[in-house]
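One-based numbering, in listed order, for ligands and for the atoms of each. Worth saying up front: this structure is predicted, and the values here are computed from it rather than measured.
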Amino acid sequence: MRYVSTRGSAPDLSFEEAMLTGLARDGGLYVPAEIPTMSTGDIAALAGQSYEEIAFRVMRPFIGDAFTDEEFSDIISRAYAGFGHAARAPLVQLAPNHFLLELFHGPTLAFKDFAMQLIGQLFQASLTRSGKHVTIVGATSGDTGSAAMEAFRGLDAVDVFILFPHGRVSEVQRRQMTTVAEANTHALALTGDFDDCQGKLKDMFNDHSFRDDVRLAGVNSINWARVLAQVVYYFSSAVSLGAPHREVSFTVPTGNFGDIFAGYIARRMGLPIKQLVVATNQNDILHRAISGGAYTTTGVTPSISPSMDIQVSSNFERVLFDVYDREGAAIAQLMDELKGQGGFKISQGALDRLRDLFASGRCSEEETLAMIARANKEMGELLCPHSSVGVHVAQEHLGGTPMITLATAHPAKFPEAVEQASGVLPPLPERMSDLFDRPERVTRVENDLGHLQELIRGRLAA
Ligand SMILES: *Cc1c(COP(=O)(O)O)cnc(C)c1O
């Protein structure tokens with residue numbers, strides 16, 4: 001299995017190389033050269049299997065010869081052992097034909113754990129074999145950072161630096177990053193917003209001498225291995241509602257387009273998904289792009305669903321690559337326009353193909369709060385604000401096909417908004433109840449590439 005860049009001019013890589021690299025050297029993102037498919041029989045055979053078994057069967061064709069079957073199955077079982085629910089990704093019913101996929105039973109209470117815990121185990125297995133050290137730098141709008149630190153803490157072969165926008169993550173999110181005690185984890189609070197953090201991360205990857213010197217590795221949602229891990233719960237949930245014999249649709253609270261892109265891959269593999277609904281908050285570039293055809297940035301307005309406060313959705317490039325017939329040069333040009341002019345227009349042909357599968361909707365702050373209140377009263381579910389955005393938008397797309405909305409975080413991660421909306425203060429699960437008493441460790445940094453690179457080199461030398 002080979003991986004190619006969406007901008008067409010970086011070398012093809014194996015699964016393991018693409019995983020350790022993250023961003024391609026031409027600035028593009030790695031995607032499989034071909035998407036393996038599963039037959040109706042293969043999918044039907046997933047019914048009744050454990051999450052881990054489904055994970056093995058769905059992901060195995062993508063990893064090539066990176067790991068033996070036995071190694072890979074060990075990696076998967078270690079990755080999900082720390083989850084607080086036997087089903088890993090349980091499905092609950094909200095209303096007739098509307099279901100909620102709870103993706104918040106991992107160690108940091110957001111769906112990011114599904115990918116990050118797996119990637120931690122994959123890196124460990126791979127680096128132990130090669131005896132190498134890597135420096136992971138990640139940018140987070142809140143949940144990726146803690147998930148990464150939790151997954152990599154204490155591993156000899158890895159240092160993890162996480163950039164988060166100072167003052168723009170919830171207190172629980174911040175503490176989940178700043179209270180990790182292991183010396184190989186470094187929380188950096190950057191003056192700016194998430195796009196600034198992501199911009200600095202990309203600049204570091206594009207500085208090839210820095211990249212090679214510190215052996216930079218990326219675990220942001222641009223990392224292919226993360227997308228792959230997220231494909232699994234589309235299969236597990238769809239199969240439990242009757243796939244492949246019944247179609248399902250999904251609504252996904254979306255920021256960087258990683259989670260919903262995994263749904264797109266599931267469909268390409270053969271899972272009968274009728275529609276994938278992109279749900280955005282007031283930062284609605286994707287909703288505007290899918291409904292109007294113009295992908296234009298406008299600046300981020302902070303919201304009560306901060307993990308979706310994004311104006312440039314990195315993984316959107318991956319689906320554009322497909323709807324532009326995998327022409328890397330065309331994608332490179334669109335991305336130049338994005339950088340130079342703050343946006344681009346999607347061609348009519350590409351837009352039509354996007355709309356064959358994707359729909360979209362936007363949810364305002366008021367609607368987010370109202371949906372939390374209503375779900376608590378009428379559906380017996382306490383939703384986090386991100387999941388609330390999803391449920392609100394999903395309701396505009398309910399029909400004859402079962403709808404599965406992804407619940408991306410636990411309500412206790414965003415207690416202020418949830419309490420304001422519902423009057424209920426969601427408690428943290430037992431295993432985290434001392435979070436507010438643990439000492440914090442964080443470094444303030446400016447939005448400046450040279451300054452950051454110096455800091456990282458200094459910490460690695462220490
Ligand atoms: C990361 C995140 C999202 C957005 O997911 P993307 O893959 O970036 O689209 C939504 N909700 C929560 C709680 C998240 O942490």
Enquirer: So, F111 versus F104, ring centres under 6.0 angstrom or not?
Expert: no
Enquirer: Is it true that a side-chain atom of N281 and a backbone atom of N283 form a donor plus acceptor pair closer than 3.5 Å?
Expert: yes
Enquirer: Could you go step by step and tell me if F15 and F62 meet the ring pair (Phe, Tyr, Trp, His ring centres under 6.0 Å) rule?
Expert: CA-CA 7 Å; F15 172 80; F62 289 91; 8.5 Å; no
Enquirer: With a 6.0 Å cut-off on ring centres, are Y51 and F56 close enough?
Expert: no
Enquirer: N or O contacts of ligand 1 with protein under 3.5 Å, please list pair by pair.
Expert:
unit_1: ligand 1; atom_1: 7 (O); unit_2: G258; atom_2: N; d: 3.2
unit_1: ligand 1; atom_1: 7 (O); unit_2: D259; atom_2: N; d: 2.9
unit_1: ligand 1; atom_1: 8 (O); unit_2: N256; atom_2: N; d: 2.8
unit_1: ligand 1; atom_1: 9 (O); unit_2: G255; atom_2: N; d: 2.8
unit_1: ligand 1; atom_1: 9 (O); unit_2: N256; atom_2: N; d: 3.2
unit_1: ligand 1; atom_1: 9 (O); unit_2: F257; atom_2: N; d: 3.0
unit_1: ligand 1; atom_1: 11 (N); unit_2: T408; atom_2: OG1; d: 2.8
unit_1: ligand 1; atom_1: 15 (O); unit_2: K112; atom_2: NZ; d: 2.6
unit_1: ligand 1; atom_1: 15 (O); unit_2: D143; atom_2: OD2; d: 2.4

Enquirer: Ring centroid separation for Y234 and F250, is it under 6.0 angstrom?
Expert: yes
Enquirer: Does D207 pair with R211 as a salt bridge, N-O distance under 4.0 Å?
Expert: no
